[in-house]
Amino acid sequence: MKYLVRDKIFAIGDDYWIEDETGQQAFLVDGKALRLRDTLEIKDPTGQVLITLRAKMLSLRDTMTIERGDEQLATVRKKRLSLLRNHYRVELVEGTELDVSGRILDREFTIEYDGELLAHISRKWFRMRETYAVNVVREDADTALLIAVAVCVIRMADKDD
């Protein structure tokens with residue numbers, strides 16, 4: 001299933017919809033203004049918060065957390081030694097790691113688990129420059145989590161740039 005994201009460079013306080021491939025509103029990304037730290041909420045079309053993304057304040061490297069309810073789901077960090085491509089590691093609380101690599105700033109990257117493709121993020125499917133797709137490959141994947149990972153990684157890469 002592909003999800004369409006109109007890239008707004010994720011300014012704090014900006015809200016935008018992510019649509020599914022049929023054009024239906026699937027997720028609302030709600031930037032929370034006036035917070036001490038960078039916070040975004042991913043909501044379903046009814047307004048229910050599915051995932052909360054937070055930038056860690058005091059961290060040696062850029063780090064964001066992904067939370068569901070009051071529970072932390074994952075931590076997203078840039079890998080230290082990555083010469084050719086942007087490379088991020090997503091550590092899920094149960095110990096699983098997801099690997100995110102590719103050209104993040106160009107919106108051309110993948111999310112993998114143990115070498116298996118979970119999602120492919122790409123602009124090549126669209127003519128509009130500020131639009132990209134999150135193509136969730138596995139039917140049993142946690143779509144909201146994969147979209148949250150894509151949003152985190154793009155936000156962190158844009159901040160570094």
Side-chain angles (χ1 to χ4, degrees), residues 1-5 7-12 14-18 20 26-32 35-82 85-122 132-161:
M1 172 71 89
K2 285 184 187 161
Y3 295 89
L4 174 71
V5 182
D7 204 354
K8 294 194 177 188
I9 312 300
F10 306 115
I12 296 299
D14 279 356
D15 300 344
Y16 58 93
W17 283 98
I18 296 174
D20 66 19
F27 301 98
L28 174 67
V29 179
D30 184 1
K32 294 297 180 187
R35 298 266 174 113
L36 289 176
R37 60 185 179 166
D38 195 359
T39 303
L40 297 164
E41 292 178 342
I42 297 179
K43 299 178 178 180
D44 71 10
T46 67
Q48 180 179 344
V49 176
L50 302 173
I51 302 255
T52 302
L53 313 173
R54 298 183 200 280
K56 280 200 167 183
M57 294 300 289
L58 300 172
S59 179
L60 295 175
R61 301 185 279 164
D62 276 347
T63 303
M64 289 189 80
T65 60
I66 299 173
E67 302 167 4
R68 182 171 281 142
D70 294 331
E71 309 246 336
Q72 184 172 325
L73 277 180
T75 303
V76 181
R77 290 185 181 89
K78 186 170 185 176
K79 281 191 172 180
R80 290 183 192 193
L81 300 174
S82 181
R85 304 178 341 156
N86 290 345
H87 213 111
Y88 290 80
R89 175 174 288 130
V90 181
E91 298 171 7
L92 301 174
V93 291
E94 77 268 359
T96 305
E97 287 188 0
L98 304 180
D99 190 51
V100 181
S101 63
R103 297 183 323 273
I104 310 296
L105 293 174
D106 293 334
R107 308 307 189 249
E108 295 290 337
F109 61 96
T110 60
I111 303 171
E112 298 179 342
Y113 167 68
D114 202 23
E116 180 183 355
L117 181 64
L118 299 178
H120 180 222
I121 292 76
S122 180
Y132 64 92
V134 177
N135 184 16
V136 178
V137 176
R138 286 192 47 162
E139 289 183 24
D140 62 341
D142 184 340
T143 302
L145 175 61
L146 293 175
I147 287 173
V149 168
V151 169
C152 278
V153 167
I154 289 169
R155 188 169 191 94
M156 292 169 72
D158 284 347
K159 192 175 170 185
D160 285 347
D161 190 45

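When all heavy atoms of Asp20 and Ala26 are compared, the pair lying nearest together is N-CB, 4.1 Å. Of all non-hydrogen atoms in Ala141 and Val136, the two that sit nearest each other are CB-CG1, 3.9 Å. Across all non-hydrogen atoms, the minimal contact from Ala144 to Ile51 is CB-CG1, 4.0 Å. Contact detail for Lys78 and Met156: the closest heavy-atom pair is N-CE, 4.2 Å. Considering every non-hydrogen atom in both Ile111 and Leu146, the closest pair reads CD1-O, 3.7 Å. For Glu41 against Val49, the heavy-atom pair with the smallest separation is OE1-CG2, 3.6 Å.
Asp44 is linked by a side chain to side chain donor-acceptor pair (under 3.5 Å) to Thr46, counting only residues two or more places apart in sequence or in another chain. For Glu139, there are no side chain to side chain donor-acceptor pair (under 3.5 Å) partners two or more places apart in sequence or in a different chain. Residues passing the side chain to side chain donor-acceptor pair (under 3.5 Å) test with Thr75, sequence neighbours excluded: Gln72. Partners of Asp106 according to the salt bridge (Lys or Arg N to Asp or Glu O under 4.0 Å) rule, which considers only residues two or more places apart in sequence or in another chain, are Arg103. Remark: Glu94 engages Leu92, Thr96 in a side-chain contact (heavy atoms from CB on, under 4.5 Å) (not counting sequence neighbours). Listed by chain and number, the residues in a ring pair (Phe, Tyr, Trp, His ring centres under 6.0 Å) with Phe27 are Tyr3 (sequence neighbours excluded).
With contacts defined as side-chain heavy-atom distances shorter than 4.5 Å, the pair Thr52/Leu40 does not qualify. Within the 4.5 Å cutoff, the side chain of Ile66 has heavy atoms near those of the Cys152 side chain. With contacts defined as side-chain heavy-atom distances shorter than 4.5 Å, the pair Met64/Arg77 does not qualify. Within the 4.5 Å cutoff, side-chain heavy atoms of Ile104 are placed close to those of Ile154.
Other residues, nucleotides and ligands place more than 12 heavy atoms under 6.0 Å from the CG atom of Asp140.
Summarising the geometry, atom OG1 belonging to Thr39 is positioned 8.5 Å from atom CG belonging to Leu53; distances are rounded to the nearest 0.5 Å. Atom CD of Glu112 and atom NE2 of His120 lie 10.0 Å apart (nearest 0.5 Å). Annotation: the span from Tyr113 atom OH to Glu97 atom CD amounts to 10.0 Å, rounded to 0.5 Å. Between Trp17 atom CH2 and Leu4 atom CG the span is 13.5 Å, to the nearest 0.5 Å. The line from OG1 of Thr143 to CG of Leu118 is 10.5 Å long, rounded to the nearest 0.5 Å. How far CZ of Phe109 is from OG of Ser101: 9.5 Å, rounded to the nearest 0.5 Å.
Using modelled atom types, no side-chain atom of Asp99 and backbone atom of Gly115 make a donor-acceptor pair closer than 3.5 Å.
Evaluated for a side chain to side chain contact (heavy atoms under 4.5 Å, CB included) with Ile18, the options Val5, Val134, Leu28 yield exactly one hit, Val5. Evaluated for a side chain to side chain contact (heavy atoms under 4.5 Å, CB included) with Tyr88, the options Val100, Val149, Leu98 yield exactly one hit, Val100.
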task = Show the numbers, then the answer: is there a side-chain contact (heavy atoms from CB on, under 4.5 Å) between Glu116 and Asp114?
result = CA-CA 6 Å; Glu116 180 183 355; Asp114 202 23; 5.8 Å; no
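Taking a cutoff of 4.0 Å between a charged side-chain nitrogen and a carboxylate oxygen, Lys43 and Asp15 do not qualify as a salt bridge.
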